[in-house]
Number of protein chains: 2
Amino acid sequence: MKENLIWYKEILADHGIKNTRQKELILLELMQSSCHLTAEEIYQHLKTKRIGLATVYRCLKVFVNLEIVKEIPMVEVNYYELKIFSKKPLHIHFKCSNCNVMFDIDDIDINLDYIKLNEKVEKKREFEVKDANITLMGLIFCS
Amino acid sequence: MKENLIWYKEILADHGIKNTRQKELILLELMQSSCHLTAEEIYQHLKTKRIGLATVYRCLKVFVNLEIVKEIPMVEVNYYELKIFSKKPLHIHFKCSNCNVMFDIDDIDINLDYIKLNEKVEKKREFEVKDANITLMGLIFCS
DNA sequence: CTACCTGCAAAACGTTTGCAAGACG
DNA sequence: CGTCTTGCAAACGTTTTGCAGGTAG
């Protein structure tokens, strides 16, 4: 898992941004998580490790600007997910209204449809699509 | 335009909610707008007409709960759009990062693809989709 | 009349920022 | 060593709430 950090360090260096203990902690937290996390959740997981909430927000913003991380807005709070190291550049999010967890829908067929949809919008030539969010909300039959 | 309010009044009455001057003003504002609005924008348009910002938020929340209005989250602020009176139950939003305006993409072909996508997810039977948000972000060649 | 609704101001919430101290390269 | 980064606390912008007065049905 840590070998992916080679790429990440290069991206930072290219932008004159220093790598720090805190940035690595946040990135590893996102890598290890099975679902998408809020800044507060990341902070709660890491606060015993000498890291402040403001740092979590600041580093996430840096990652978003570098396009390492994607910010997914919900009505009350923003979620974050790793963008690089993922083989799915475009995919659908599902947010369970019961357990409040957000994750990716991993289905090649569905994701292909999504990509086709994006292309169709782009081809209209009236728009230049820079980013997209598809979030489905509802219930997952979770424990 | 006002004839649509008959339906709306029935929905309110069914839920023991009173119709008020303020609720109608907000609803008409959403009906007349060509794009989706934030609570602050609605308030700015209406503040000369004896209405408070808190009321705008409160009424919008009531409308969202009654499924008259849809709340579309963005990173910094939520947008609102009318859900009933619209012939497009499912559609795509486009937010221009330049002019900060959000609106629907009106294209039957694209919207059909979107509906098919939703159905496909539903058919997987692991999820019960209650609501969905597709927002594309980028540039529109606006003046 | 009664319950629901409003405006206002204050509070709450997630997020950002200023600053002095600390750490990376 | 210089610059970028951090933690803390204070500030910010959006949204919510408590309350006394107002209004719909």
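Each chain gets a letter, A, B and so on, in the order the sequences are listed, and its residues count up from 1. Excluded from the calculations below are hydrogen atoms, water molecules and symmetry mates; all remaining heavy atoms, backbone and side chain alike, are included.
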- Message: Using five pairs at each end of the helix from C:dC1-D:dG25 to C:dG25-D:dC1 to define an axis, what is the angle between those two axes, to 10°?
- Response: 40°

- Using a 4.0 Å heavy-atom cut-off, write out nucleotides 18-25 of chain D from 5' to 3' as B (base contacted by protein), S (sugar-phosphate only) or - (no contact). B-----BS

May I have the distance from [X] (atom [atom1]) to [N] (atom [atom2]), rounded to whole angstrom?
X       : N      : atom1 : atom2 : value
A:Ile51 : D:dT5  : CD1   : P     : 14 Å
B:Tyr79 : D:dT15 : OH    : C1'   : 16 Å
A:Ile42 : C:dG14 : CD1   : P     : 14 Å
B:Leu60 : D:dT15 : CG    : P     : 10 Å
B:Lys47 : C:dC8  : NZ    : C1'   : 15 Å
B:Asp14 : C:dC4  : CG    : P     : 15 Å
B:Leu53 : C:dA10 : CG    : C1'   : 14 Å
B:Leu66 : C:dC5  : CG    : P     : 10 Å

Between [Y] and [X], is the closest basic N to carboxylate O distance under 4.0 Å?
X        : Y        : value
B:Lys9   : B:Glu24  : yes
A:Glu128 : A:Lys130 : yes
A:Lys49  : A:Glu29  : no

Is it true that a side-chain atom of [X] and a backbone atom of [Y] form a donor plus acceptor pair closer than 3.5 Å?
X        : Y       : result
A:Thr135 : A:Phe94 : no
B:Glu10  : B:Trp7  : no
B:Lys23  : B:Lys18 : yes
A:Arg21  : A:Arg50 : yes

- Item | Polar side chain donor-acceptor pair, A:Asp104 to A:His36, under 3.5 angstrom | yes

- Item | Closest-nucleotide 5' rank along DNA chain D - winner of A:Gly52 and B:Val77 |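 Nearer the 5' end of the strand: A:Gly52.
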
- Note on the structure: The residue among B:Lys47, B:Glu41, B:His45 that forms side-chain contact (heavy atoms from CB on, under 4.5 Å) with B:Tyr43 is B:Lys47

Any side-chain N or O of [X] below 4.0 angstrom from OP1/OP2 of [N]?
X       : N      : value
B:Gln22 : C:dG7  : yes
A:Lys23 : D:dT5  : yes
A:Asn78 : C:dT15 : yes
A:Tyr57 : C:dT16 : no

- Message: Considering every strand and a 4.0 Å limit on heavy-atom distances, what is the contact class for B:Glu40: base, sugar-phosphate, or nothing?
- Response: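 Answer is nothing: B:Glu40 stays at 4.0 Å or more from every strand.
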
- Within a radius of less than 6.0 Å around CD of B:Glu67, do more than 12 heavy atoms belonging to other residues, nucleotides or ligands occur? no

- Query: Toward the 5' end of DNA chain C, which comes first, B:Gly16 or A:Tyr80, by nearest nucleotide?
  - Reply: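 In this pair, the answer is B:Gly16.
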
